[in-house]
Amino acid sequence: MPEGAKVTRLGPSPTGFLHIGGLYVGLLDRDISTNSGGAYIVRVEDTDQAREVEGAVEQFNRAFEYFGIVPDEADDRGAYGPYHQSQRESIYLTYVREMLRQDKAYLCFATKDELADITARQQATKLPTGYYGRWAIWRDKSAEEVQAKLDAGEPYVVRFRSPGKAGERVSFSDAIRGTLEHEANRNDVVILKASDQSPRLPTYHFAHAVDDHLMRVNLVIRGEEWISSVPTHLQLFDTLGFERVEYAHIAPLMKQQGGSRRKLSKRKDPEASVDFYIEAGFPARAVQYYLRGLANGRLAELPLDEALSSPISLDDCGVAGPLVDLVKLEDISADLVATMSGEEIIDAIKPWAQTYDPALVELLDNERELALKALAVERGADVANPRKDLRKWSDFRPAYGFFFPALFELVGNDDERLGGLDPKIVSAVAADFANNYQHLEDGQEWFGQIRALLEPHGFAPNPKEFKKNPDAYHGSIREAAQLIRVALTGSTRSPDLHAVARTLGEDEVLRRVRALV
RNA sequence: GGCGUGUUCGUUCAGUGGUGAGGACACCGGAAUCUCAAUCCGGAAACACGGGUUCGACUCCCGUACGCGCUACCA
């Protein structure tokens, strides 16, 4: 590996859905390791088996793959495994034994009740809570006492004999925040969980030290909630004789709870989950662009392609937690899709629809020509202002479904989308339009047909005229055109009407308009 | 409670010891228009508060408020 290569790692715990924040960190890990010539590792931190959710790992992998964030080392590849902590039991045990032998760790038989009692007494006397000093009841027990408990078959945990003293402070540097200062750890933290469980599992703190050292990780990017634990980690690295790693604590992308203002919560805010973006069918590149922009504001000013290929710099990461702005994401996404050709759009929609809208796949296969024609309306290399009506693949059905006769439901003359026009007038206009319809190629001439309907049916020739004298008319050319639009598309908004009509074909146009008669 | 960390337009990302505090999205108004969307032009809109330091502070220091985190055999 080249000088300065960063080996990064993501440690997802399979306790539920993948949070967008996890994707964000993975993006940083992947980017920084790639750009420094290092490696990016995914190590599943499944040491809390009680909370484990089945299938979570597969779901994570799918999600990361969708966004093109693929590790160099993981379960199925890499020479530093295993990459599941639950399969590294013997490795942890080896280090624990060595620490025990050197008296840098010890067995603790304190029960839950005893610990709760210690905490309660500390709180009552306003002392810092924790297992330290005189509260560390098993720290200095004699070998005989320990042996007695062992013989009695009592379960125990292994605790780290912290070298920290009261009042001591440590400072360390953070790649994002600069120098940070904190009081030193003096808690004899648990490093190996209960002896009556199998497999014997380490706590996060211990696994972090052992795994990251063994996997030659040298840059740990993680959420800022870990800042308080750094002094503990530093002690662990030092007593194990490991070289310290560099830390980068990033601001949380969003909060999962908290009553005030705009914190995202798992329950109330579906956009907290990565699956939300995949299900909706946001193009991966749009999401990447957005996330990279959040990390480094400078990247948000760049054109998409350039931003995706520019390296992210930890120095430029913000320290305050941003909130995810879906409207902004949709805007980015709409801009991106607007640059794509019909072919590219269909090719992107199909894999998405395979999972989330199978019927659509079939339709696109059977009606590919029609789909291409529909997507060509006001779109393509020769169009100055391409339509931006697709932000995500799930928009296709509502925005373009009407082009397909199989998906279109005929509109009646009393439909509310007609804006309250008298059904009798609707019927008369539709009949007149249909009876005289010419499937003209020229847009102006085609619209001439709608103009021809104005006077006899009581519509003003232009909106201004109508505004001047609203009682004299049913509406203006605006309303008349809208009537035809709703008839043809079932929507009050649609691409250029003439282009729609040409795409649908004469028979289909007549069929739809006649439904209003 | 203790410790840590943060606070710039509605949102987001910038930024400087002396600035007209910038961009983007959203919003409002206008142009154009057969409807949307898009486009073009314009507008409103922010340095949490209080003390210092300084000729001068949004920027540096201290404090307060508020948010968030840690204080677990959760990560």
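Below, chains carry the letters A, B, ... as their sequence lines are ordered, and counting in each starts from 1.
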Inset, instruction - Classify the nucleic acid contact of A:Ala300 as base, sugar-phosphate or nothing, counting any heavy atom under 4.0 Å across all strands shown. - result: nothing
Inset, instruction - Can you tell me the distance, in whole Å, between the CG atom of A:Leu329 and the C1' atom of B:rA26? - result: 14 Å
Legend entry - Side-chain-base donor-acceptor pair under 3.5 Å for A:Arg451 and B:rC34: no
Legend entry - Axial cation check for A:Tyr156 ring with A:Arg200, 6.0 Å and 45° limits: yes
Inset, instruction - Would you mind classifying the nucleic acid contact of A:Arg379 as base, sugar-phosphate or nothing, using non-hydrogen atoms under 4.0 angstrom? - result: nothing
Inset, instruction - May I ask you to say what A:Leu180 touches in the nucleic acid, namely base, sugar-phosphate or nothing, with a heavy-atom cut-off under 4.0 Å? - result: sugar-phosphate
Inset, instruction - Give the rounded distance in Å between these two atoms: CD1 of A:Ile227 and P of B:rC70. - result: 11 Å
Inset, instruction - Look at all strands and tell whether A:Ser476 reaches a base, only sugar-phosphate, or nothing, counting heavy atoms closer than 4.0 Å. - result: nothing
Legend entry - Nearest-Å distance for atom pair CG/P, residues A:Leu115 and B:rA72: 10 Å
Inset, instruction - On RNA chain B, check which nucleotide each of A:Val327 and A:Gln482 is closest to and give me the residue with the more 5' one. - result: A:Val327
Legend entry - Separation of B:rC74 P from A:Asn187 CG (nearest whole Å): 15 Å
Inset, instruction - With salt bridge (Lys or Arg N to Asp or Glu O under 4.0 Å) as the test, would you mind laying out the steps for A:Arg9 and A:Asp29 before giving the verdict? - result: CA-CA 6 Å; A:Arg9 112 269 122 127; A:Asp29 281 325; over 6 Å; no
Inset, instruction - Pick base, sugar-phosphate or nothing for A:Ser494, based on heavy-atom distances below 4.0 Å to the nucleic acid. - result: base
Inset, instruction - Return the 5'-most residue of the pair A:Gln85, A:Gly293 with respect to RNA chain B, ranking by each residue's nearest nucleotide. - result: A:Gly293
Inset, instruction - Measure from the ring center of A:Trp226 to the ring center of A:Tyr204 and say whether it is less than 6.0 Å. - result: yes
Inset, instruction - Send over the distance from A:His182 NE2 to B:rC70 C1', rounded to a whole Å. - result: 7 Å
Legend entry - Within residues 156-168 of chain A, residues whose heavy atoms come under 4.0 Å of RNA chain B: A:Val157, A:Arg159
Inset, instruction - Give me the one residue out of A:Arg512, A:Lys373, A:His439 that meets side chain to side chain contact (heavy atoms under 4.5 Å, CB included) with A:Leu504. - result: A:Arg512
Inset, instruction - Tell me what A:Glu479 touches on the nucleic acid: a base, only sugar-phosphate, or nothing, going by heavy atoms under 4.0 Å. - result: nothing
Inset, instruction - Please confirm whether any donor atom in the side chain of A:Lys388 sits under 3.5 Å from an acceptor in the base of B:rA37, or the reverse. - result: no
Inset, instruction - Could you state the atom-to-atom distance from OH of A:Tyr289 to P of B:rC25 in whole Å? - result: 10 Å
Inset, instruction - Determine the contact category for A:Asp316: base if any of its heavy atoms lies under 4.0 Å from a base atom, sugar-phosphate if only primed atoms, P, OP1 or OP2 are that close, otherwise nothing. - result: sugar-phosphate
